[in-house]
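Have a look at the structure below, then the notes.
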Amino acid sequence: MNDRSPLSLHVPEPAVRPGGKPDFSSVRIPSAGSVPRPEVDVDPESIHDLAFSIIRVLNREGEAVGPWAGMLSDEELLEGLRHMMTLRTFDARMLMAQRQGKTSFYMQHMGEEAVSCAFRKALEPGDMNFPTYRQAGLLIAAGYSLVEMMNEIFSNEKDPLKGRQMPVLYSSKALGFFSVSGNLATQFIQAVGWAMASAIKHDTRIAAGWVGDGATAESDFHAALVFASTYAAPVVLNIVNNQWAISTFQGIARGGAGTFAARGLGFGIPSLRVDGNDYLAVYAVARWAIERARRNLGPTLVEYVTYRVGAHSTSDDPAAYRPKTESDSWPLGDPVIRLKNHLILRGAWSEARHKQAEAEILDTVVTAQKEAESHGTLHAGGKPSVRDMFEGVYAEMPPHLRRQRQQAGV
Amino acid sequence: MPRKTMVEAIRDGMDVMMGRDENVVVFGEDVGYFGGVFRATQGLQAKYGKSRCFDAPISELGIVGAAIGMAAYGLRPCVEVQFADYMYPAYDQIVSEAARLRYRSNGDFTCPLVVRMPTGGGISGGQTHSQSPEALFTHVSGLKTVVPSNPNDAKGLLICAIEDPDPVIFLEPKRLYNGPFDGHHDRPIIPWSKHELGEVPEGHYRVPLGKAAIRREGAAISVLAYGTMVHVAMAAAAETGIDAEIIDLRSLLPLDLETIVASVRKTGRCVIIHEATLTSGFGAELSALVQENCFFELEAPIRRVTGWDTPYPHAQEWDYFPGPQRVGRAFLEVVNGE
Ligand SMILES: Cc1ncc(C[n+]2csc(CCOP(=O)(O)OP(=O)(O)O)c2C)c(N)n1
Ligand SMILES: [Mg+2]
């Protein structure tokens, strides 16, 4: 016994901390077009390497290259660009509104716009997402009303959720967007359940689950993988790896595994990694995974490699835990600029038209905001009623709650 | 004596115990380098090293489960669950494991563990940053449950919780972190530096679990409160002019029944207040105890003023929260026999 050297605890650390020079040299980025595109009915055991690579379509020059390219027309790509630009402008305005005290809280998507916008484009009406708070692109790309979203953010008299939920925890069954929970990862296994229901009922609709890199540590994530694997559920399980979970770098949740996608391998689930800042790559991989689900070939796990450029939320200041310029060094660039450059290269877009689109989109968002604000903001103007607080706890209000509502005088 | 915020006092409590006892370890989500989203562990990693204070993966089950294993080894973990609203994944580990380990192994294994959780509302946090789940813990045999209302108590109670041989749930009313909030959300924030209970002695001191504090002596009614509601009760007493005796329970289990009973026997009236929902709340337990022990001295029915039996709302927060007006009205009704 005595010749054994003492044990010590391993606690992972990010490469750099505030004050240091940002360093992503350990992030291995394969060149665009280099990862093969297997058939959707491929034997999962034969594509393990896809869990350790990164599928990319747009190269440094802005060209779309390789086997995952060529799936979207100019018009479709322009629409995608517009969705991402709208989301970015929406975020900027809502961040400002939060600073002006018009709401309590906000969470933005800066740098991650391609993930939810492109994925939504690959879905069909009737499919159901089980999102986190950072997938508003699913709503915007589905054509949800910006005013409606803002009404929710402002908790005003037109708030579809009656002031009950915090900002950005939207819900829209009609557009395939499951009510967002504030409790992390709970939705991941629910997505699997929804997909199992679709299979039980011989339906053709599929589900998509969403989770952040940090929240993959929750047991719900692991439960989702085992259920999806066991029942070959028609579900796409999406991990958005934006490198950070509030102050905690992704190494804490990932542990000794090389990637988050690798989590799927032990369950026999085809597991892919994709450049999350590449609209074309996200779309192509989403299409592949969705087709697998639709053809009853079972679940797919997808890790989107991206970067959270902004603060976690309006309650957070990342300068306390990561170098201020870290996002500038992120090797996968900016999703909006990359798609814009690609469209220019294709001859379908120009700097001038981009400028013009920016102005138009700002105008659309500001107009929506004016309308939403006319229905009130968190502390001013129209509010949801106090009665609304008592409604909707049950389908039918039980007597004890009725008594309490009376006591409250509403 | 130095004045501290409640966050600083709690940090100081952990610091003192980490300094005195090498077996004390601190971990949780964002707790290490960053020092916690409420900054309660700021500086502890730098001072005691990464093996004593570190970030955990986002798994509350994992945090509490690992802490139980460490406690079984002989450490004294003091872990953080980022918000009490996120303790549910850990509930099985808390209820089936931590709470029963001593009993089921007949003391072969024990669980000297503290689980800190910010609790309560008042920060526009909606249903997932505002809950008060204390009754879910007091209902479990084998757990102790503590809710401080000020920096001075918070440090002394936390030290006792860490020294305790059994698992302690340490609920920190987050709206009190920076000042003694009395429910008047539209008034300027009063800092702890302006409050005498912001005085926090240096070094090690104890505030024992199971001992209530009388915050205001009075003859007209006994008010049983804890956490944020202690300050709301103080405001309600001042605003109604009712001579209320305000008892800050500090620890719900063990409970200082003696102080409660002596007070109610004196005043003959009792109002119980908490932020948590009414039905099966801790107020129901208190009400039963007062009834069982003070029936013949009671001159009016016991009244409870609590959050409504709905999830905690975002926009209607101040209609939900039992503020000084609602509490004051109850004081008047109970005293005037309405
Ligand atoms: C069960 C639970 N635990 C903790 C939290 C607090 N929390 C909110 S977001 C967050 C970080 C999540 O990081 P990640 O999953 O990577 O998603 P991201 O914010 O980066 O999109 C934490 C710890 C929570 N909401 N729910
Ligand atoms: Mg993340």
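In what follows, every chain begins at residue 1, and chains take the letters A, B, ... in the order their sequences are listed. Since the structure is predicted, the reported quantities are computational estimates derived from the model, not experimental observations. Computation of the quantities below employed the complete heavy-atom set of this structure, encompassing side-chain atoms and omitting hydrogens, waters and symmetry-equivalent molecules.
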- Under the 3.5 angstrom rule, does the side chain of A:Asn183 hit a backbone N or O of B:Tyr86 as a donor-acceptor pair?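 No; judged by distance alone, with no hydrogens or angles, the pair does not exist.
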- Return yes if some donor-acceptor pair links the side-chain N/O of B:Asp30 with the main-chain N/O of A:Ser247 below 3.5 Å, else return no.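 Side chain of B:Asp30 to backbone of A:Ser247, a donor-acceptor pair under 3.5 Å: yes, one is there.
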Is the closest side-chain heavy-atom distance between [X] and [Y] below 4.5 Å?
X	Y	answer
B:Glu29	A:Ile246	no
B:His129	A:Met166	yes
A:Val11	B:Asp55	no
A:Leu9	B:Phe54	yes
A:Arg164	B:Pro311	no
B:Trp308	A:Arg405	no
A:Phe221	B:Ser59	no

- Message: Under 4.5 Å from any heavy atom of chain B, what part of A:Ala320 do you find: side chain, backbone, both or neither?
- Response: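 Interface part for A:Ala320: both.
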- Message: Please classify the contact between A:Pro18 and chain B as side chain, backbone, both or neither, with a heavy-atom cut-off of under 4.5 Å.
- Response: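 A:Pro18 touches chain B through backbone and side-chain heavy atoms alike.
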Let me confirm one number: the [atom1]-[atom2] distance from [X] to [Y], rounded to the nearest 0.5 Å.
X	Y	atom1	atom2	value
A:Phe105	B:His314	CZ	NE2	9.0 Å
B:Gln316	A:Arg387	CD	CZ	13.0 Å
A:Glu391	B:Thr310	CD	OG1	11.5 Å
B:Lys50	A:Ser8	NZ	OG	10.5 Å
A:Phe249	B:Tyr33	CZ	OH	13.0 Å
A:Ser315	B:Ile123	OG	CD1	7.5 Å

Pick one of side chain, backbone, both or neither for [X], based on which atoms fall under 4.5 Å of a heavy atom in chain A.
X	result
B:Phe83	neither
B:Gln42	neither
B:Glu60	both

If you count heavy-atom pairs within less than 4.5 Å of chain B, which of [options] leads?
options	result
A:Pro12, A:Gly255, A:Ala253, A:Pro384	A:Pro384
A:Asp159, A:Leu401, A:Leu169, A:Asp316	A:Leu401
A:Glu218, A:Lys162, A:His400, A:Glu13	A:Glu218

- Task: Step through it carefully: locate the ring centre of A:Tyr321, locate the ring centre of B:Phe34, and say whether they are under 6.0 Å apart.
- Result: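 Yes, ring centres under 6.0 Å apart.
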- Over 12 non-hydrogen atoms of neighbours within 6.0 angstrom of CD in A:Glu396: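 No, CD of A:Glu396 has 12 or fewer neighbouring heavy atoms, counting only those of other groups under 6.0 Å.
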- Message: For the CD atom on B:Gln325, are there more than 12 heavy atoms of other groups (residues, nucleotides or ligands in this structure) within a distance under 6.0 Å?
- Response: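 Counting other residues, nucleotides and ligands, CD of B:Gln325 stays at 12 neighbours or fewer.
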- Message: If you compare all heavy atoms of B:Ala56 against all heavy atoms of A:Ile252, which two are closest, and at what distance to 0.1 Å?
- Response: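 Result for this residue pair: C-CG2, 3.6 Å.
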- Item | Summary of side-chain hydrogen bond (donor to acceptor under 3.5 Å, both in side chains) pairs that have at least one residue in residues 276-287 of chain B, sequence neighbours excluded |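 side-chain hydrogen bond (donor to acceptor under 3.5 Å, both in side chains) check on residues 276-287 of chain B returns B:Thr279-B:Asp309.
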- Message: With chain A as the partner, which of B:Asp85, B:Ile58, B:Val37 has the greatest number of non-hydrogen pairs under 4.5 Å?
- Response: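 Of B:Asp85, B:Ile58, B:Val37, B:Ile58 has the most heavy-atom pairs under 4.5 Å with chain A.
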